[in-house]
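I have placed the structure first, in the form of structure tokens, so that the comments after it can refer back to it.
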Amino acid sequence: MNPVVGLDVAKGESQVQMFLDKKMPYKSSVKVDHTVDGLEELHSYLLDLERQTGMKPPVVLESTGHYHAPVVQLVALFSIA
């Protein structure tokens, strides 16, 4: 398996889609807010995918000025935890 998480980052929120492998979506796409609660929800999704695949999934997102900053900080913590 090659899990991956794709994020479409916007002002104040991100759309999240997780994949188990190429063309194999895992669950439905979800929107998370860039708040403490929303980022905790995103962290939960990342942990769920890791449990399912046995691998920490890479997270792919575009740079969006400063809108992506809270998400990148969370992903960096997830990656080293």
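Criterion: ILVMFWY side-chain heavy atoms under 4.5 Å apart, direct or through other members. Under it, Leu39 and Val30 are part of a common hydrophobic cluster. Hydrophobic clustering (ILVMFWY, side-chain heavy atoms < 4.5 Å, transitive): Val72 and Leu46 are in one cluster. Met1 and Leu47 fall within a single hydrophobic cluster, where Ile, Leu, Val, Met, Phe, Trp and Tyr are joined by side-chain heavy atoms under 4.5 Å apart, directly or via other members. Connection of Met55 to Tyr26 is not established within any shared hydrophobic cluster, with ILVMFWY side chains joined at heavy-atom distances below 4.5 Å, either directly or through further cluster members.
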Please step through side-chain contact (heavy atoms from CB on, under 4.5 Å) for the pair Glu50 and Phe78, ending with a clear verdict.
CA-CA 11 Å; Glu50 181 181 2; Phe78 172 76; 3.5 Å; yes
Could you go step by step and tell me if Leu20 and Leu49 meet the side-chain contact (heavy atoms from CB on, under 4.5 Å) rule?
CA-CA 8 Å; Leu20 295 171; Leu49 185 57; 3.8 Å; yes
Before you tell me yes or no, could you show the steps for Val36 and Glu40 under side-chain contact (heavy atoms from CB on, under 4.5 Å), namely the whole-Å CA-CA distance, both residues' side-chain angles and the distance that decides it to 0.1 Å?
CA-CA 6 Å; Val36 172; Glu40 286 177 356; 3.6 Å; yes
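Between the OG1 atom of Thr53 and the CG atom of Asp48 there is a distance of 9.5 Å, given to the nearest 0.5 Å. To the nearest 0.5 angstrom, Glu13 atom CD is 10.5 Å from Thr35 atom OG1. Interatomic distance, Met18 CE to Lys27 NZ, rounded to the nearest 0.5 Å: 6.0 Å. A distance of 16.0 Å separates NE2 of His68 from NZ of Lys11, quoted to the nearest 0.5 Å. The line from CG of Asp21 to CZ of Phe19 is 11.0 Å long, rounded to the nearest 0.5 Å.
Closest non-hydrogen pair, Pro58 versus Pro3, comes out as CD-O, 3.1 Å. Annotation for Lys31 and Glu41: closest pair O-OE1, 4.5 Å, computed over non-hydrogen atoms. Between Val4 and Val60, the closest heavy-atom pair is CG2-CG2, 3.8 Å.
When side chains are defined from C-beta on, His34 counts as touching Val71, because their heavy atoms get closer than 4.5 Å.
A donor-acceptor contact shorter than 3.5 Å links the side chain of Gln17 to the backbone of Ser29. The main-chain N or O of Val16 is never found under 3.5 Å from a side-chain atom of Ser14 such that the two would form a donor-acceptor pair.
Considering Asp8, Leu7, Val9 as possible partners of Thr64, the one that fulfils the side chain to side chain contact (heavy atoms under 4.5 Å, CB included) test is Val9.
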